[in-house]
Each structure stands twice: as C-alpha cells, then as structure tokens.
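All remarks here apply to the structure that follows.
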Amino acid sequence: MTDEFSFTDKHFDTHEQAALAEIMRLRRDVRGNRFTDRPLEDASLSHILDAALMAPSVGFSQPWRFVVIRRNATKRAIADIFAAENAAAQEQFSAQRRDQYRQLKLEGITEAPVNIAVYYCPPQGPVLGQTSMQEVGEYSVVCAIQNMWLMARALNIGMGWVSILDPHKVARILGTPPDHKLVAYLCLGHVDGFYTQPELERRGWEQRRQRETVVFSEQFSPE
C-alpha cells in the first residue's frame, strides 16, 4: 500500500537549533517605553501573522481571529479602558507592592504603531480532540500568539501582551461578534532595544523558577 502523503526531508542543523533557542531565550514582553516612531512594515506584519496561521490547533480547527488596529483614535479608546482597569488592579496588592506597581509601565497601546486583538472563535459543532476539554480551543489561540512572539523577535520587532483590559468594553469598540472571546491584546513595533532579562525579573517583581521546582517525574509533587 502506497502512502498518499509526502514527507519533508528537511532536518535542522545545530546552528538552526541554536538560533531558535536564542530567539526563545531573548523574547521579551515589550512595554510602551521601548517602542520607537519607526513604522511597522507591512511585510513584517505579514510575516508575523503568517506565523500565527502556522500554529497547531486542536482538530485543525484554527479558531483564531485577528483584528489589526492602526488608528490612533481606536488605540486611545483602548488605552482609556486599560487606565481604568489598571487603577483598580493596583488596589488588589499590598501597600508595598502598590508602590512598585505604580512604577511599572505595563502597556504600549498608543506608543506601538500596530495593535492586534486576538480572539477565540468557538466552534459551531463538535471538534476532534475538544470534546472533553473545551478550553483547548483557547489554548490553540495561545499557540498562535507564541508563534507571533517568536517571529516578531526573530525580525527584531517588539511585541507586548496587554491583559489588563475589560474584554466587553474592548468588544464594543471593535464590533466583536458576541460569541468571540478576547484572548490577547498585542502591541507591535520597532524598539530601541531588548532587555537581557524579563523586565519583571529585572525589577525584582518575580524571580525565575528553577527547573527542579516545576518539573516532576511520574507524579505531581507540590512545593
């Protein structure tokens, strides 16, 4: 019996493997104090979106939808939502943490030349592999976002993920279908540099966890 499918003979060499590892190591969540005035080229944006479309998805459902935002008025309206949510968010932390929180720049909505709202579009019927765990559809969208992040870094373009937003208010601004779920709001553009460490690690907000504290053998071992 002849296999009707073809296989690639492409094997990645050690230099390509090292390049991917370096891209992952130096990927950063970029904030508004790093974006420059340089416009984001259409070709670069296309490469980043193409990377998203190559992501794996449960049942090959490809449940992602993307809204590309360039208008300043739209970005300002989204930034107003962030400002309100951010003011409320800082009150959930201790007094010491609040002081540190206020010093953090947590978004680059108006500074970035391009924003992208990434949505999960729920299926209209059963999806192979999603019948027991409905949330894996949303996880598929996250895979697409990670592809975007890695491609952006490979192109030396900054990308930041803004999560301090009211998705219902964002939906009203963007005219989102009522059944779609906002997974990420992304800011993209050229930057003046990338930190060697994640900014929150560098500022002492959190420390990187060591492998032995998160990787277990055979059974889960609580901390």
Side-chain angles (χ1 to χ4, degrees), residues 10 12 16 19-57 60-82 105-121 137-167 169-177 180-195 198-199:
K10 170 65 178 177
F12 297 101
E16 292 167 319
L20 175 59
E22 192 75 347
I23 290 167
M24 291 189 290
R25 186 178 71 84
L26 295 175
R27 180 210 55 80
R28 292 292 174 264
D29 186 12
V30 176
R31 314 299 170 81
N33 50 359
R34 298 270 68 90
F35 289 111
T36 69
D37 295 333
R38 179 180 170 185
L40 182 61
E41 301 83 355
D42 289 341
S44 295
L45 178 58
S46 182
H47 282 312
I48 292 168
L49 289 170
D50 285 344
L53 302 182
M54 288 187 284
S57 63
F60 200 52
S61 56
Q62 305 158 81
W64 39 68
R65 302 292 185 271
F66 307 89
V67 182
V68 178
I69 301 157
R70 293 187 178 88
R71 293 176 181 169
N72 290 330
T74 305
K75 289 189 281 188
R76 284 194 296 269
I78 300 293
D80 288 342
I81 297 172
F82 169 84
K105 174 67 171 172
L106 297 177
E107 50 78 36
I109 297 169
T110 59
E111 296 91 342
V114 173
N115 293 183
I116 302 178
V118 186
Y119 280 89
Y120 168 63
C121 176
E138 295 174 34
Y139 299 163
S140 299
V141 179
V142 176
C143 288
I145 295 165
Q146 179 72 344
N147 269 18
M148 296 172 72
W149 228 332
L150 295 177
M151 178 57 74
R153 186 61 185 90
L155 295 171
N156 302 307
I157 290 167
M159 185 173 116
W161 184 332
V162 185
S163 58
I164 308 173
L165 290 169
D166 183 322
K169 293 179 180 178
V170 174
R172 286 197 290 270
I173 292 172
L174 300 183
T176 309
H180 285 37
K181 181 175 182 178
L182 181 66
V183 176
Y185 192 91
L186 309 174
C187 305
L188 293 98
H190 290 281
V191 296
D192 59 6
F194 293 91
Y195 288 127
E199 186 172 1

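- Closest approach of His180 and Cys121 over heavy atoms only: CE1-SG, 3.5 Å.
- Scanning both residues, Asp192 and Thr36, for their nearest heavy atoms gives N-CG2, 3.6 Å.
- At a threshold of 4.0 Å, the pair Lys10-Glu16 counts as salt-bridged, since one of the basic side-chain nitrogens sits closer than that to a carboxylate oxygen.
- Using a 4.5 Å heavy-atom cutoff, the side chains of Pro56 and Ser140 are not in contact.
- Under the rule for a side chain to side chain donor-acceptor pair (under 3.5 Å), Lys169 has no partner lying at least two apart in sequence or in another chain.
- In this structure, the side chain of Gln62 engages the main chain of Phe60 through a donor-acceptor pair within 3.5 Å.
- Rounded to the nearest 0.5 angstrom, Arg31 CZ and Glu111 CD are separated by 12.0 Å.
- Between Leu106 and Val162, every side-chain heavy-atom pair lies at or beyond the 4.5 Å cut-off.
- A cation-pi arrangement is present between Arg153 and Phe194 under the rule of less than 6.0 angstrom and at most 45 degrees off the ring axis.
- Residues Met148 and Leu49 approach most closely at CE-CD2, 4.3 Å, considering heavy atoms.
- What you find for Val170 and Ile78 is that their closest heavy atoms are CG1-CD1, 3.9 Å.
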Legend entry - Stepwise side-chain contact (heavy atoms from CB on, under 4.5 Å) check, Ile116 with Leu188: CA-CA 8 Å; Ile116 302 178; Leu188 293 98; 3.7 Å; yes
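- Closest approach of Ala117 to Leu182, counting heavy atoms only: CB-CD1, 4.1 Å.
- Residues that satisfy the side-chain contact (heavy atoms from CB on, under 4.5 Å) test with Ser163, not counting sequence neighbours, are Trp161.
- By the 6.0 Å contact criterion, CG on Asp37 is open, its count of non-hydrogen atoms from other residues, nucleotides or ligands being 12 or less.
- Applying the side-chain contact (heavy atoms from CB on, under 4.5 Å) rule to Pro39 yields no partners; only residues at least two apart in sequence or on another chain are considered.
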Legend entry - Ile157/Trp149 under side-chain contact (heavy atoms from CB on, under 4.5 Å): CA gap, chis, key distance, verdict: CA-CA 9 Å; Ile157 290 167; Trp149 228 332; over 6 Å; no
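- A salt bridge links Lys181 and Glu138; the closest N-O separation between the charged side-chain nitrogens and carboxylate oxygens is under 4.0 Å.
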Inset, instruction - Report the C-alpha separation of Val30 and Cys187 in whole Å, then their side-chain angles, then the decisive distance to 0.1 Å, and conclude whether the side-chain contact (heavy atoms from CB on, under 4.5 Å) test is met. - result: CA-CA 8 Å; Val30 176; Cys187 305; over 6 Å; no
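- Counted by atom type alone, His190 and Glu41 present one or more donor-acceptor pairs between their side chains at under 3.5 Å.
- Residues Arg28 and Pro198 come closest through the heavy atom pair NE-N, 3.4 Å.
- To the nearest 0.5 Å, atom CD1 of residue Ile145 and atom OH of residue Tyr139 are 13.5 Å apart.
- The side chain to side chain donor-acceptor pair (under 3.5 Å) test applied to Arg27 returns no partner, not counting sequence neighbours.
- Atom CG of Leu53 and atom CZ of Phe66 lie 5.5 Å apart (nearest 0.5 Å).
- Atom CD of Glu107 is separated from atom CG of Asp29 by 11.0 Å, given to the nearest 0.5 angstrom.
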Legend entry - Intermediate values then yes/no, side-chain contact (heavy atoms from CB on, under 4.5 Å), Val118 and Tyr185: CA-CA 6 Å; Val118 186; Tyr185 192 91; over 6 Å; no
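- Residues satisfying the side-chain contact (heavy atoms from CB on, under 4.5 Å) criterion with Ala55, sequence neighbours excluded, are Trp64, Cys143, Ala144, Asn147.
- Contact of the Leu40 side chain with the Phe35 side chain is not registered, since no non-hydrogen atoms from C-beta on lie closer than 4.5 Å.
- Interatomic distance, Phe82 CZ to Ile164 CD1, rounded to the nearest 0.5 Å: 4.5 Å.
- Proximity of Ile173 to Ile81: side-chain heavy atoms (C-beta onward) are separated by under 4.5 Å at one or more points.
- Identified under the side-chain hydrogen bond (donor to acceptor under 3.5 Å, both in side chains) test for residues 71-82, with sequence neighbours left out: none.
- Judged purely by distance below 3.5 Å, without hydrogens or angles, the side chains of Arg65 and Tyr120 never pair a donor atom with an acceptor atom.
- Note that OG1 of Thr176 and OH of Tyr119 are 3.0 Å apart. Values are rounded to the nearest 0.5 Å.
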